[in-house]
Amino acid sequence: MIPLSKPFIGEAEKAAVLEVLESGMLVQGPRVAKLEERFAQVCEVKHAVAVSSGTAALHLALLAHGLGPGDEVITSPFTFVASVNSILLTGARPVFVDIDEETFNLNSALVERALTPQTRAILPVHLYGYMCDMEALQAIADKHGLTIVEDACQAIGATYRGQAAGSFGTGAFSLYATKNVMAGEGGMITTNDDTIAEQCRLLRNHGMKRRYYHEQLGYNLRLSDLHAALGLAQMDRLAGFTEARRANAAYLNAGIESVVTPKVKEGYGHVWHQYTVRVDGGRDRDGAVRQLNDAGIGTGIFYPVPAHQQEYLRQKLGPMSLPVAERLAREVISLPVHPQLTRADLEHIVAEVNKL
Ligand SMILES: Cc1ncc(COP(=O)(O)O)c(C=O)c1O
């Protein structure tokens with residue numbers, strides 16, 4: 001089976017983790033600081049704050065911006081549910097805006113009509129490693145005094161008009177095992193704002209600045225040095241990984257004819273966390289998945305149920321209709337695009353997809 005994703009664990013990763021074990025300094029040590037430095041460089045921001053997951057990064061970023069009960073945050077329904085849960089965990093209310101069928105991302109033309117006096121923030125999700133229309137979202141945010149917290153969990157290294165994901169607002173990244181750069185588990189907050197960075201540092205470690213002197217209420221959402229060491233070894237591979245993903249996506253786009261392939265607009269630097277096609281026109285998506293799996297091709301459905309149709313969210317927020325997200329949830333199939341694919345794997349994927 002050609003797996004949908006395959007974490008790359010080389011000698012550098014193994015040696016880096018072993019070195020931490022032998023050092024005896026397992027948490028919040030020098031590798032965490034180094035990983036933060038590397039992330040800040042890649043994202044072209046002043047600060048990066050390492051935390052234990054992408055969910056923690058989103059949650060703390062929203063808390064640091066003061067989001068809480070009575071506030072509304074605009075986001076996409078077509079995302080991993082962590083984007084939405086992080087809003088709910090602050091006590092704020094998620095407000096869903098439908099997506100664009102070509103980019104799978106928030107339809108920026110629909111955002112303004114979803115604003116209310118309670119709207120405080122926009123949380124765009126750069127799904128599959130493809131950035132949202134940041135110029136339009138930034139203009140809306142500026143006009144209405146809104147905060148932007150980017151869910152860049154799938155988008156390390158992605159760009160919009162040459163500017164890095166995570167540098168438009170406060171950014172949140174995931175280092176989960178299948179991500180383009182992984183640490184097993186982990187997350188990162190990126191920002192140019194000194195106060196937000198300081199708040200995130202306090203919130204991740206029980207509000208502690210000086211050892212056992214606590215300035216405020218906080219959490220334990222720290223990253224371990226073991227994870228940071230793994231992440232650092234991966235950061236050295238980021239450029240190569242991204243190049244390989246781009247080449248694989250270009251090969252698939254050139255060969256696949258039977259389904260709708262993903263297009264990238266001018267000015268966007270896609271990093272292909274997922275390569276996602278659409279089985280459109282009411283065709284049998286689940287049958288297509290079975291056919292591909294039987295032919296030895298791993299697939300993923302991201303995501304089969306849009307957030308507003310998850311039962312607990314439907315109960316909390318009430319029923320709503322977001323037709324594009326609902327249709328794409330029935331049409332999408334993600335195919336392998338990871339850097340470890342061989343030319344033979346790619347040829348096999350193209351041939352089998354074209355039999356659908
Ligand atoms: C779009 C999106 N947001 C948030 C998250 C949450 O990240 P984590 O799993 O590291 O908590 C993920 C990761 O799966 C994601 O893909």
> Going from CD on Glu198 to CD1 on Ile196, what distance comes out if it is rounded to the nearest 0.5 angstrom?
Replying inline: 11.0 Å
> Does the side chain of Ser83 pick up a donor-acceptor pair with the side chain of Thr75 at under 3.5 Å?
Replying inline: no
> Looking at residues at least two apart in the chain, or sitting in another chain, which of them share a salt bridge (charged side-chain N to carboxylate O under 4.0 Å, His left out) with Arg283?
Replying inline: Asp280
> Any side-chain donor paired with an acceptor under 3.5 Å for Glu352 and Gln291?
Replying inline: no
> Considering all heavy atoms of both residues, which atom of His348 and which atom of Ile2 are nearest to each other, and what is their separation?
Replying inline: CD2-CD1, 3.9 Å
> What pairs meet the salt bridge (charged side-chain N to carboxylate O under 4.0 Å, His left out) rule with one or both residues in residues 57-86, with sequence neighbours excluded?
Replying inline: Asp71-Arg120
> Do any pairs count as a salt bridge (charged side-chain N to carboxylate O under 4.0 Å, His left out) and have a residue in residues 44-65, sequence neighbours left out, and if so which ones?
Replying inline: Lys46-Asp194
> Listed by chain and number, what are the salt bridge (charged side-chain N to carboxylate O under 4.0 Å, His left out) partners of Glu22, not counting sequence neighbours?
Replying inline: none
>> Does the plane of the ring in Tyr275 sit parallel, tilted or perpendicular to the ring in Trp272? Use 30° and 60° as the thresholds.
In response: tilted
>> Between the side chains of Glu215 and Arg210, is the shortest nitrogen-to-carboxylate-oxygen separation below 4.0 Å, so that they form an ion pair?
In response: no
>> We want to know whether Asn293 and Thr299 form a side-chain donor-acceptor pair, criterion being a heavy-atom distance below 3.5 angstrom.
In response: yes
>> Under the ring pair (Phe, Tyr, Trp, His ring centres under 6.0 Å) definition, can you give me all pairs with a residue in residues 193-248, not counting sequence neighbours?
In response: Phe8-Phe241, His59-Tyr219
>> Please report the interatomic distance CD1(Ile349) to CG(Asn354), rounded to the nearest 0.5 Å.
In response: 12.0 Å
> From Asp286 CG over to Arg330 CZ, what is the distance, rounded to the nearest 0.5 angstrom?
Replying inline: 11.5 Å
Can you list, pair by pair, the side-chain donor-acceptor contacts under 3.5 Å of residues 105-113, counting residues two or more places apart and other chains?
residue, atom, partner, partner atom, Å
Asn105, OD1, Leu127, N, 3.1
Asn105, ND2, Tyr130, O, 2.8
Asn105, ND2, Met131, O, 3.4
Asn107, OD1, Ala109, N, 3.1
Ser108, OG, Asp133, OD2, 3.2
Glu112, OE2, Lys143, NZ, 2.9
Glu112, OE2, His144, NE2, 2.8

> What residues, two or more places apart in sequence or in another chain, satisfy salt bridge (charged side-chain N to carboxylate O under 4.0 Å, His left out) together with Glu37?
Replying inline: Lys34
> Are the charged groups of Glu243 and Arg246 less than 4.0 angstrom apart, N to O?
Replying inline: no
> Taking only residues at least two apart or on different chains, which pairs with a member in residues 160-177 satisfy salt bridge (charged side-chain N to carboxylate O under 4.0 Å, His left out)?
Replying inline: Glu135-Arg161
> With side chains defined as the heavy atoms from C-beta onward, is the minimum distance between Leu346 and Leu252 less than 4.5 Å?
Replying inline: yes
> Between Lys14 and Ile9, is any pair of side-chain heavy atoms under 4.5 Å apart?
Replying inline: yes
> For Thr342, does its backbone N or O pair with a side-chain atom of Asp345 as donor and acceptor, under 3.5 Å?
Replying inline: yes
>> Suppose the criterion is ring pair (Phe, Tyr, Trp, His ring centres under 6.0 Å): which pairs have a residue in residues 320-344, not counting sequence neighbours?
In response: none
> Under the ring pair (Phe, Tyr, Trp, His ring centres under 6.0 Å) rule, what pairs show up with a residue in residues 28-56, not counting sequence neighbours?
Replying inline: Phe39-Phe173
> Do any pairs count as a ring pair (Phe, Tyr, Trp, His ring centres under 6.0 Å) and have a residue in residues 292-322, sequence neighbours left out, and if so which ones?
Replying inline: none
> Is any NZ, NE, NH1 or NH2 atom of the basic residue among Glu13 and Arg237 found under 4.0 Å from an Asp or Glu carboxylate oxygen of the other?
Replying inline: yes
> Can a salt bridge be assigned to the pair Glu102 and Lys265 using a cut-off of 4.0 Å between side-chain N and carboxylate O?
Replying inline: no
Show me the donor-acceptor pairs, under 3.5 Å and distance only, between side chains in residues 175-187 and residues at least two apart or in other chains.
residue, atom, partner, partner atom, Å
Asn180, OD1, His273, ND1, 2.9
Asn180, ND2, Val271, O, 3.0

